[in-house]
Amino acid sequence: MPKERLTGRPKMPQRPVKQRITDFDEVPTGLEDWAAVGEARRCLQCKKPPCMKGCPVDIDIPGFVALIAEERFDEAILKMKEKNSLPAICGRVCPQEEQCERECVLGKKGEPIAVGYLERFIADYEREKGIKAPVVPPPNGHQVAVIGAGPAGLTCAGDLARLGYRVTIFEALHSPGGVLVYGIPEFRLPKAIVAQEVNYVKSLGVNLEVNAVVGQTMTIDDLEEERYEAFFIGTGAGLPYFMNLPGENLNGVYSANEFLTRSNLMKAYLFPRYDTPIKIGRRVAVIGGGNVAMDSARTALRLGAEEVCLVYRRTKKEMPARIEEVERAEEEGINCIILTNPVRFTGNANGWVTGIECIQMELGEPDDSGRRRPVPVPGPEFVIPIDTVVVAIGQGPNPVFLKSVANLALNRWGYIETDTETGATNRKGMFAGGDIVTGAATVISAMGAGKQAARSLNRYINDPASFPQWRE
Amino acid sequence: MAKIIRKDVLTPQIKLMVVDVPGVARKAKPGQFVVLRFYEEGERLPLTIADYDPAAGTVTIIFQEVGKSTRQLGELEAGDDILDFVGPLGKEIEEKQFGHVVCVGGGVGIAPVYPKARALKMLGNRVTSIIGARSADLLFWEREMQEVSDTLHVTTDDGTYGEKGFVTQVLERVIKAEKPDLVVAVGPIMMMKMVSLLTRKYAVPTLVSLNPVMVDGTGMCGCCRVTVNGERKFTCVDGPVFDGHLVDYDELLTRSRSYLEEEKRALESWLMKKAQEEIARA
């Protein structure tokens, strides 16, 4: 099949900058068949594949890659779905360069296999052909509840359904997907793809109740009364952090959560066809250096901002965002203002933000995160004139659910404390995983936690005594 | 989906809807709110719970038609469905015996103050209520408020009904006659500010119910942030009820005007579309 010979790892084809910044359509277009097959054939098929060690959900990577190499795409997707119910999502937003691909033997001397591209290829192949309904086992008579329909919850629910559990996911928003729908923009992860993968999970027999805010609409006690025997908590890290600087409540200052929720979940980029508005000025500054900051900056550009800059207190090297995302942002004309820290926001008489007063920073000794700590450089403050600010400095645990559960052990940052092996909380029959345990992390690590919890939950139902901490 | 089982037109612009939502009705408490989205392209609209009946499984909402969303909602009839109906959200008002409580409802704020007055009355408080509106045709629920109050005062700004003037004038008189132990005020931001300034002068504890711009309503977006006693609070999860003496009303007022232009644009384009549809039909 390969019509061109590949000499190395293929480049991901993407839409030209000029075109893509004018709309919200997806930027990378995916590998063509010949490129995928060619890339799959580069795989050494290691006996003890190191790539699998880097995968939180234990996908048989050499297995599915070998099937692509043999052009057996239908089998490749089945192999993938043995472990991963959401491949079209993972193939797009997982940081493969830090996981499977980092461990690839080929990467030691040259370029690792493009596992992420191949995962996306195979998922897109299946989607275009129409996803087949999976075989669902007979019910095992047990009922469990999953709180939150994000990547952790969806994965956990899917795995449990495959074991015959009657699973209901309770989702607070009107659309399932969690951060996949409210956080990640359309141009990086089309919502139709999320909907399709959610439908796949539903086709496994999972019930989904949207608009159900556990902690408000119902409590865990209510669900226990409804005979749910065990719980998985995957409520994520959805509480926006602010910097607590003067002027932060001026009009035109958004949290990244608000900015992205308006645009992604509520489709404000289609205002006034969609009712939710979003306000975008001529000059936009995004504060932060993570993937959320990149998403916000690129969204601002597509919403019509003339100039978008990122204000980050360290250097580009320390940015937590994926390199690929930083590169795409810069290609699109987003300007990184590094070693700069805001100290105050200035506004006009009508209460709208007009500028960010900043100080210069330099890098000092490494801190807890291992990154060099930014320290202020003595000198004058300077002002970046702006019309819109997006604060993307991180998220915390949303308190609504946590406050509603009596005696649930939390760590010092307010996240749920769990047993690292099992995902068990201190409450009997209650497991947790994803961002609500680790703080904001990646989609795949949340899925890994969902998977682990599904295994533990199954063990708990069959052998409660194997959780001695919950013995009465 | 939530079915509208009754619709009353309280005034030409103020509508009441009784909605079949057993799950929400079971948990609803005075002071809480709901978020609804009534069609796919709609926004998430927060509305205070005006009444609830756990036995019947219903929640009552009352809203004034101002922008596009509220006007569209107002076009729905009994038997129609609301796509998403989420709640109850926010914290409930503390239910205890304070003694003499004055409940102040301004405009459409009469609706959310009603369940609070009723709850406080049932707990044995002596309830004096003051309700007010710009004019007689914007006033509703006088009888309902009467039923849950020991004394009821009614004002209109233009004097078309009840006493001419503002609720604050009556409130000051009431405070002077018999100092209340608590004032509960719901209404336009400016009204809540004026009430709070007055009650602070007389050192009367005051609770207000804030209604800022909101998106998710579950503490996720930070849009509804408000400064209370110098601290950042999220109205949707820390409120909506706050100590009226500690709220930064000027900031709240400014923030609540963030989307005025867009709201106008949305309304105009919707009215235009409706007009075109009507022409096409004719």
Side-chain angles (χ1 to χ4, degrees), chain A residues 172-175 179 182-183 209-213 215-219 222 235-242 244 248-262 265-268 270-279 347 349-352 391 395-401 403, chain B residues 1-2 21 23-24 26-27 32 35-37 39-45 67-69 72 83-90 213 215-227 231-232 234 236-238 248 250-259 261-263 265-270:
Chain A
L173 291 174
H174 55 258
S175 243
V179 71
Y182 75 74
E209 260 193 52
V210 293
N211 299 322
V213 188
Q216 297 276 122
T217 313
M218 68 275 281
T219 61
D222 297 331
T235 49
L239 176 82
Y241 283 153
F242 288 93
N244 296 318
E248 210 168 7
N249 288 352
L250 284 163
N251 287 356
V253 182
Y254 287 98
S255 76
N257 270 10
E258 180 189 352
F259 191 71
L260 293 174
T261 299
R262 281 181 183 273
L265 177 72
M266 306 310 294
K267 305 224 180 311
L270 298 174
F271 180 87
R273 188 155 79 74
Y274 278 73
D275 288 346
T276 306
I278 196 163
K279 204 91 165 188
N350 297 325
W352 284 86
V391 179
Q395 300 93 245
N398 185 307
V400 172
F401 171 77
K403 277 188 190 163
Chain B
M1 289 278 201
V21 273
V24 184
R26 197 166 53 221
K27 291 280 171 181
Q32 293 188 301
V35 164
L36 43 115
R37 192 180 70 126
Y39 69 118
E40 187 51 41
E41 290 84 7
E43 60 186 331
R44 293 172 66 90
L45 180 70
K68 180 194 172 191
S69 293
Q72 256 179 321
L83 184 57
D84 301 299
F85 197 101
V86 198
L89 300 169
V213 179
V215 184
D216 68 295
T218 61
M220 196 190 78
C221 79
C223 173
C224 65
R225 58 195 192 269
V226 53
T227 304
E231 279 178 59
R232 169 175 299 112
F234 292 168
C236 67
V237 291
D238 299 320
D248 183 341
D250 295 337
E251 180 186 273
L252 178 64
L253 207 56
T254 304
R255 287 188 64 80
S256 73
R257 290 184 185 134
S258 304
Y259 291 102
E261 281 167 47
E262 285 75 13
E263 280 159 18
R265 221 180 110 202
L267 181 61
E268 278 165 4
S269 86
W270 179 66

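In what follows, every chain begins at residue 1, and chains take the letters A, B, ... in the order their sequences are listed.
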Visitor: What part of B:R255 gets closer than 4.5 Å to chain A, counting heavy atoms only: side chain, backbone, both or neither?
Guide: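 Answer is both: backbone and side chain atoms of B:R255 are under 4.5 Å from chain A.
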Visitor: So which of B:E262, B:E43, B:R225, B:R257 has the largest heavy-atom pair count under 4.5 angstrom toward chain A?
Guide: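 Top count of heavy-atom pairs under 4.5 Å with chain A: B:R225.
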Visitor: Flag the pair A:H174 / A:M266 as yes when at least one side-chain heavy-atom distance between them is below 4.5 Å, and no otherwise.
Guide: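 The answer is yes; the side chains approach within 4.5 Å.
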Visitor: Using 4.0 Å as the upper bound for N to carboxylate O, is an ion pair formed by B:R26 and A:D222?
Guide: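 Salt bridge flag = no for B:R26 with A:D222.
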Visitor: Name the option with the most non-hydrogen atom pairs under 4.5 Å to chain B; the candidates are A:Q395, A:R262, A:E248.
Guide: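 Looking at each option in turn, the highest pair count goes to A:R262.
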Visitor: Looking at every non-hydrogen atom in both residues, tell me the closest pair between B:V21 and B:A2 and how far apart they are.
Guide: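 In this case the closest contact between B:V21 and B:A2 is CG1-CB, 3.5 Å.
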Visitor: Can you name the nearest heavy-atom pair linking A:G351 to A:L250, along with the distance?
Guide: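 The answer is O-CD2, 3.5 Å.
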Visitor: Roughly how far apart are B:L267 CG and B:Q72 CD, rounded to 0.5 Å?
Guide: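 Result: 9.5 Å between the selected atoms.
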Visitor: To the nearest 0.5 Å, how far apart are CE in B:M220 and CG in A:L260?
Guide: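 If we round to the nearest 0.5 Å, B:M220:CE and A:L260:CG are 9.5 Å apart.
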Visitor: Is it the side chain or the backbone of B:F85 that comes within 4.5 Å of chain A heavy atoms, both, or neither?
Guide: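 Contact with chain A involves the backbone of B:F85 alone.
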Visitor: Side-chain contact, heavy-atom cut-off 4.5 Å: B:L89 with B:C236?
Guide: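 Sidechains of B:C236 and B:L89: no contact.
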Visitor: Which bit of A:N398 is near chain B, if near means a heavy-atom gap under 4.5 Å: side chain, backbone, both or neither?
Guide: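 It is the side chain, since no backbone atom gets that close.
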Visitor: If you count heavy-atom pairs within less than 4.5 Å of chain A, which of B:Q32, B:R44, B:K68 leads?
Guide: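 Highest number of heavy-atom pairs under 4.5 Å: B:R44.
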Visitor: Measuring heavy-atom distances to chain B, does A:V391 have an atom under 4.5 Å in its side chain, in its backbone, in both, or in neither?
Guide: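 Neither part, no heavy atoms under 4.5 Å.
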Visitor: With chain B, which of A:V400, A:T276, A:N249, A:V210 has the greatest number of heavy-atom pairs at distances under 4.5 Å?
Guide: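 The answer is A:N249.
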Visitor: Can you confirm whether the side chains of A:T261 and B:D216 place a donor and an acceptor under 3.5 Å from each other?
Guide: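 Their side chains do not contain a donor-acceptor pair, so the 3.5 Å distance test is not met.
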Visitor: Between A:M218 and chain B, with a heavy-atom cut-off of 4.5 Å, which part of the residue counts as in contact: side chain, backbone, both or neither?
Guide: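 Only the backbone of A:M218 comes within 4.5 Å of chain B.
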Visitor: Measuring from atom CG of A:N211 to atom CG of B:L36, what distance do you get when rounded to the nearest 0.5 angstrom?
Guide: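 Reported value, rounded in 0.5 Å steps: 10.0 Å.
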Visitor: Any donor and acceptor pair, going by atom type alone, linking the side chain of A:Q216 with main-chain N or O of B:G87 inside 3.5 Å?
Guide: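 Checked: no pair found.
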Visitor: Please classify the contact between B:S269 and chain A as side chain, backbone, both or neither, with a heavy-atom cut-off of under 4.5 Å.
Guide: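 Side chain only.
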Visitor: Answer with side chain, backbone, both or neither: which region of A:I278 has an atom nearer than 4.5 Å to a non-hydrogen atom of chain B?
Guide: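 Only the backbone of A:I278 comes within 4.5 Å of chain B.
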Visitor: Go through A:L239, A:L173, A:N251 and name the one with the most non-hydrogen pairs under 4.5 angstrom from chain B.
Guide: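 Among A:L239, A:L173, A:N251, the one with the most close pairs to chain B is A:N251.
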Visitor: By a 4.5 Å heavy-atom criterion (distance strictly below it), what part of B:V213 contacts chain A: side chain, backbone, both, or neither?
Guide: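 Contact with chain A: side chain only.
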Visitor: Given a strict heavy-atom distance threshold of 4.5 Å, which part of A:T217 is in contact with chain B: side chain, backbone, both, or neither?
Guide: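 Both backbone and side chain.
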Visitor: Does any non-hydrogen side-chain atom of A:P240 lie less than 4.5 Å from one of B:F234?
Guide: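 Result yes, sub-4.5 Å side-chain heavy-atom pair found.
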Visitor: Identify which of A:G236, A:P277, A:P272, A:S255 forms the greatest number of heavy-atom pairs closer than 4.5 Å to chain B.
Guide: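 Answer, by heavy-atom pair count under 4.5 Å with chain B: A:P277.
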Visitor: Could you look at A:K279 and say if it's the side chain, the backbone, both or neither that has a heavy atom under 4.5 Å from chain B?
Guide: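 Contact with chain B involves both backbone and side-chain atoms of A:K279.
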Visitor: Let's test your reading of the structure: which of A:L265, A:L270, A:D275 forms the most heavy-atom pairs below 4.5 Å with chain B?
Guide: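 It is A:D275.
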Visitor: Where on A:F259 is there a heavy atom nearer than 4.5 Å to chain B: the side chain, the backbone, both, or neither?
Guide: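 Interface part for A:F259: neither.
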